[in-house]
Amino acid sequence: MASARCLAPLVRRSVVATRSMQSSLRGGASPPLPPFARSPVPSQKLVENNDAVWDDGVAPELALDFDCQHVSKTEGILSWLGGLGLFVALFQVVKMSDPQSKNPAVNRKMNVVVDSPRTGPPPASE
């Protein structure tokens, strides 16, 4: 009788575990339905500029976003040129620091075992 009392919690736990396992195997609740309807499959020929439309089957939209209509062309060009100027300035700083002198590897000129072949016309013999 004492052994039955010790085993009772284990038996209860296993019964609960099998019941929860069975309910999860049945699938449980279905996921919520999406709040959108799918676009119908095209039944006509596509227009010529269809590649400019991003269509994921839900809501087609233009591939180019026009979200920044408050930014003028001048401000856009100045920002773009400023970004390019930043990369040019970074390149110039790296170039001025002479990275080749800091390279511990042997350069190609020092790594050649034989003399490089002669180019051009052969020397004139007298």
Determine yes or no for a side-chain-to-main-chain donor-acceptor pair under 3.5 angstrom, with Lys102 supplying the side chain and Ser97 the backbone.
yes
What distance separates Glu75 CD from His70 NE2, expressed to the nearest 0.5 Å?
7.0 Å
Quick one: pull up OG in Ser79 and CG in Leu84 and give me the separation to the nearest 0.5 Å.
11.0 Å
Distance-minimising heavy-atom pair for Val94 and Pro99:
O-CD, 3.3 Å
Got a sec: does the CD of Gln92 have more than 12 other heavy atoms crowding it under 6.0 Å?
yes
